[in-house]
Amino acid sequence: MSDTIRVRFAPSPTGHLHIGGARTAIYNWAFARRNGGTFVLRIDDTDPERSTEDNVNAIISSLRWLGIEWDEGPICGGAFGPYFQTQRTSSYEGALAALRDSDGVYPCFCDPADLAARREQARASGGVAGYDRTCRTIDPSVAKARIDAGEPQAWRLKVPERRGDIVFTDVVRGKSTFNASVMDDFVVVRTDGTPTYNFATVVDDIEMRITHVIRGDDHLSNTPRQILVFEALGAAAPTFAHLSMIWGPDGKRLSKRHGATSVETYRERGYLPEALVNYLALLGWSLDDKTTVIDSETLTSNFSLERVSKNPAIFDAEKLEWLNGVYLRALTPSRYAEVMLPYLMDAGLLTADEAAHRQTWLEELATLVAERAKRLDEVVPMVRFLFEESVTIDDSARAKVLEQEGAAGALDSAVDALGALQEYAPQTIESALRSVPGAIGVKPKLVFQAVRVAISGSTVSPPLFESLALLGKERSLQRIRAARTSVGS
RNA sequence: GGCCCGUUGGUCUAGCGGUGAGGACGCCGCCCUCUCAAGGCGGAAAUCACGGGUUCGAAUCCCGUACGGGCUACCA
């Protein structure tokens, strides 16, 4: 593996893995794979208030479920660890010391509340809202005395006087220019000694030898600040690639009120990881002008930042569903049975033990359901009738089918025809039932629908003959008789 | 307010000076069919945000405007 390219995904464990974060991770991962680079996972847990271990675990398990594997990071370790920012305080302290030595920072004794007020005032009068540099002019010896006296201080980056505009080329958006005059001396280390985001990420990116920073464009405005830190630390800035946001249907940042936003939820609802990866990859990137079904292999061997789109994308749940259906249909029966089983078990339809004894039966069931479900959780209502002892017939189905003229006779004949079968299999069942309409002078559809309603309780079900076979002769006859009885004469 | 960024059918996108503006989801119709799906075929749907330029020629290049978004913290 070449080490020329190193990228990282650095989630902050303040929640589960978000759809947008997942896409960022996918792009980083695909980019690393495509270029023979290294993909680093780093946990940016510097916010003690909101970061939790549960969230770290959830993020890790979501990434794994998606099939996104990191080369360095939690669990697997690596040569540039640790990979949790809370364990890297010595790095930040070292970087601060270096900046103090090089006169790249200065202590700030301003009161935060006071600062906020000044900022408000500056903004109100139409001025620049940045820090007014009050403490920048304090004489170093005075500053040292105040620190020694125990006065609390934060550290601010001393933006060079003659730095000029900050210009960088973003791989997806092109050349970006930020006017130097708007760069204020931002805080790099807080009063409590902890590093701010813009400082910690840069220190880490330098130490971890990150060459390409691929992240959401909510960080675009942070980039010039970070470039200043890279420069102050005497390091070359990496290449940046800012991804546009993912929006909800209303054009606002995708959030809980738009529905499911965490990868975990999609997993629970029966989406396949490969479908989610495919969909997310396409939300802002395209292989060419016509391909929409792209497996991981194709993605990791063709991904390029140059083909990442600049505009924000609205998350289209329906297209994801469609794509999930495509992947679901492509599963082999045994694989389908495997992924479907947890849903069946959760619904209490069968136990793991029973499943082990009904492998073939489950695979047959899988083939029936495969081209009908877009999500795995949809199979439960679809197949429930095949597991339960008896079935309750839906009122509208009864009215629409069973109470139709000829239905009773059709059920009687069906019982006779099926009852006579030696071999109870889809083919034999089909020919038996197909002989009924002609014999009693009724439309084939009426027979099929009547039997369907009788065994499933509904006018909609998986294919009839196969369903009857899976149900078994005994229960089939039982249900048809029960339905027949309920219709009366 | 200031600074940035974006704008091709309802949605995701292709396009990178000359195309009938292509594909996909969704929608509609037809076919297939035991229901539902799946599949096949066809269709509607884009004045390429708007207004100016540049050019023989602009969705493509330039400048404005509008709309949307992001940042503007001792959050990340």
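Every chain is numbered from 1 and lettered A, B, ... according to where its sequence line falls, protein lines coming before strand lines. Side chains included, hydrogens not; waters and symmetry mates left out as well; all remaining heavy atoms used.
A cation-pi contact links Arg23(A) to Tyr27(A), judged by a cut-off of 6.0 Å to the six-membered ring centre and 45° from its axis.
On a pure distance criterion of 3.5 Å, a polar donor-acceptor pair joins the side chain of Thr191(A) and the base of C74(B). Below the 3.5 angstrom threshold, one finds a donor paired with an acceptor across the side chain of Asn222(A) and the base of A76(B).
Looking at heavy atoms from C-beta onward, His212(A) lies in side-chain contact with Val7(A) at the 4.5 angstrom threshold.
The nucleotide whose nearest atom lies closest to any side-chain atom of Asn311(A) is, among U7(B), C71(B), C34(B), U7(B). Minimum atom distance to the side chain of Glu371(A) is reached by A37(B), of the listed A37(B), G39(B), C12(B). Residue Lys252(A) has its side chain nearest to G69(B) when only C34(B), U13(B), G69(B) are considered. For Leu220(A), the listed nucleotide lying nearest its side chain is C4(B); candidates were C4(B), G22(B), A38(B). You'll find that the side chain of Arg119(A) is closest to C74(B), out of C74(B), A14(B), A38(B). Across C34(B), A76(B), C74(B), the shortest atom-to-atom separation from the side chain of Asp47(A) is found for A76(B). With distances taken from any side-chain atom of His219(A) to the nucleotides U13(B), G6(B), A76(B), the minimum falls on A76(B). Checking A76(B), C4(B), C5(B) against every side-chain atom of Thr46(A), the shortest atom distance belongs to A76(B). Listed nucleotides: C36(B), U35(B), C74(B). Nearest to the side chain of Arg372(A): C36(B). Side-chain proximity of Pro312(A) to the nucleotides G6(B), U13(B), U35(B) is greatest for G6(B).
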Which atoms of nucleotides 25-30 of chain B (N or O only) lie under 3.5 Å from a protein N or O atom, and what are those distances?
residue, atom, partner, partner atom, Å
C25(B), O2', Lys319(A), N, 3.4

